[in-house]
Chemist: 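My questions all concern the structure below.
Counting starts at 1 for both ligands and their atoms, following the listed order.
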Amino acid sequence: MGFPLTRLRRLRKNEQLRRLVRETSLSVNDLVMPLFTCPGTGIKDEIASMPGNYCMSADMLAEECRKIEALGIPAVLLFGIPEHKDDTGSDSYSAKGVIQTALKAVKKAAPGLLAVTDVCFCEYTSHGHCGVFKNGTVDNDETLLLLQKQALSHAEAGADMIAPSDMMDGRVKAIRQALDKGGFGDIPIMSYAAKYASAFYGPFRDAVNSAPASGDRKGYQMDPANSDEALREVMLDIEEGADIVMVKPALSYLDIIYRVKHEFGVPVAAYNVSGEFSCIVAAAQRGFIDEGRVMRETLVSMKRAGADIIITYFAKKFAEEGGTV
Ligand code: PBG
């Protein structure tokens with residue numbers, strides 16, 4: 001049935017019709033807000049490369065989480081910036097570490113908010129790599145042992161979900177075993193399954209001071225040119241016990257989100273990373289684009305591609321502005 005019997009513009013005539021035929025929706029229910037925490041009290045420092053995002057001490061973080069819970073956002077993803085970094089990133093698995101301290105404050109202030117923790121070493125190590133650094137590379141199997149320690153320590157401090165972002169082989173299985181053995185068989189794992197070696201992490205690395213002191217992360221994070229390999233990464237993580245699989249970054253990898261969702265049909269998260277956020281904010285600050293509209297358009301594109309969950313620095317703004325598309 002061609003033109004003029006068919007006129008697709010008929011259903012675009014007004015907002016009511018457009019609402020009726022809209023295929024994809026987005027709400028606060030889909031969002032996770034990433035937050036940064038540091039030691040101390042009364043600290044809330046804006047991150048220069050990520051306007052509107054702050055590095056907060058546990059007390060200020062708890063206050064922020066209360067607001068986020070009130071806005072209806074289901075979860076936060078917590079990143080710790082420790083006072084002291086060392087070779088093995090020991091703050092990350094210390095009962096008195098920056099994340100463990102923050103978790104206690106957050107769970108007390110906002111008990112109805114899911115506290116998800118990023119499990120990795122790059123924020124905690126003096127060399128800035130995501131694990132045990134030896135002979136110019138990250139030792140996979142030694143890192144697994146420390147990842148188990150870190151994940152268990154987060155769970156003991158009150159984490160509701162563990163999100164490993166290190167990209168070591170076999171880490172989902174190792175973490176699952178450690179959690180189960182520690183009595184945390186009901187704590188889900190959201191794995192950064194297809195995580196690319198991306199330049200879009202730039203603003204985040206400035207925020208947490210985690211750029212590798214030497215070399216890069218291409219020896220463990222994925223090559224942006226690959227797509228079949230992402231499906232293998234996801235397949236292995238599901239086999240190892242991942243409950244949710246993540247694709248990261250989101251915007252340059254919508255095709256990967258689509259393939260993962262259609263191939264496996266498991267809950268998929270998309271990480272709308274720091275560089276994707278900061279590009280939009282910076283362009284909007286110069287008057288080149290409308291921040292709110294571009295935010296909604298990009299977020300809905302991730303949903304349309306197949307993401308069930310979107311981790312985004314826009315979560316709070318989206319919720320404050322009404323919270324639906
Ligand atoms: C690793 C980690 C990174 C991000 C999330 N977890 C940085 C990296 O791999 O270099 C990046 C998030 C972002 O850019 O928003 N701990």
Chemist: Could you point out which residue of F318, Y271, Y313 forms a ring-ring contact (aromatic ring centres under 6.0 Å, His included) with F277?
Modeler: Y313

Chemist: Enumerate the atoms of ligand 1 whose separation from the nearest heavy atom of R217 is less than 4.0 angstrom.
Modeler: 8 (C), 9 (O), 10 (O)

Chemist: For ligand 1, is E276 a contact, meaning one of its heavy atoms is under 4.0 Å away?
Modeler: no

Chemist: Report the residues that fulfil side chain to side chain contact (heavy atoms under 4.5 Å, CB included) with F288, sequence neighbours left out, ordered by chain and then residue number.
Modeler: A283, R286

Chemist: Would you say F79 contacts ligand 1, with heavy atoms under 4.0 Å as the rule?
Modeler: yes

Chemist: Tell me the contacting part of D118 for ligand 1: side chain, backbone, both, or neither, using a 4.0 Å heavy-atom threshold, strictly below.
Modeler: side chain

Chemist: May I ask you to decide whether K107 forms a salt bridge with D160, counting only side-chain N to carboxylate O separations under 4.0 Å?
Modeler: yes

Chemist: Can you sort out which atoms of ligand 1 are near S165, meaning under 4.0 Å from one of its heavy atoms?
Modeler: 1 (C), 2 (C), 6 (N), 16 (N)

Chemist: For ligand 1, which atoms sit closer than 4.0 Å to a heavy atom of C120?
Modeler: 1 (C), 16 (N)

Chemist: For ligand 1, which atoms sit closer than 4.0 Å to a heavy atom of C122?
Modeler: 1 (C), 16 (N)

Chemist: Just checking, any donor-acceptor pair under 3.5 angstrom between side chains of S94 and Q100?
Modeler: no

Chemist: So, R232 and D228, do they make that salt bridge, N to O below 4.0 Å?
Modeler: no

Chemist: Roughly how far apart are D30 CG and I311 CD1, rounded to 0.5 Å?
Modeler: 12.0 Å

Chemist: Please report which non-hydrogen protein atom sits nearest to atom 9 (O) of ligand 1, along with the residue it belongs to and the distance in Å to one decimal place.
Modeler: K195 NZ, 2.7 Å

Chemist: Which word best sums up how the rings of F204 and F79 line up, parallel for under 30°, tilted for 30 to 60°, or perpendicular for over 60°?
Modeler: perpendicular

Chemist: Provide the number and element of each atom of ligand 1 under 4.0 Å from a heavy atom of K248.
Modeler: 2 (C), 3 (C), 4 (C), 5 (C), 6 (N), 11 (C), 12 (C)

Chemist: Using atom types as modelled, flag every donor-acceptor pair under 3.5 Å from a side chain in residues 191-200 to any protein atom, sequence neighbours excluded.
Modeler:
unit_1, atom_1, unit_2, atom_2, d
S191, OG, D237, OD2, 2.8
Y192, OH, D118, OD1, 2.6
K195, NZ, S165, O, 2.9
Y196, OH, N226, O, 2.7
S198, OG, F200, N, 2.9

Chemist: Which atoms of ligand 1 are found less than 4.0 Å from any heavy atom of Y313?
Modeler: 12 (C), 13 (C), 15 (O)

Chemist: Below 4.0 angstrom, N of the basic side chain to O of the carboxylate: do E240 and R171 qualify?
Modeler: no

Chemist: Could you see which bit of S274 sits under 4.0 Å from ligand 1, with heavy atoms only: side chain, backbone, both or neither?
Modeler: both

Chemist: Short list, please: which atoms of ligand 1 are under 4.0 Å from a heavy atom of E123?
Modeler: 16 (N)

Chemist: Look at ligand 1 and say whether Y271 reaches it with a heavy atom at a distance under 4.0 Å.
Modeler: yes

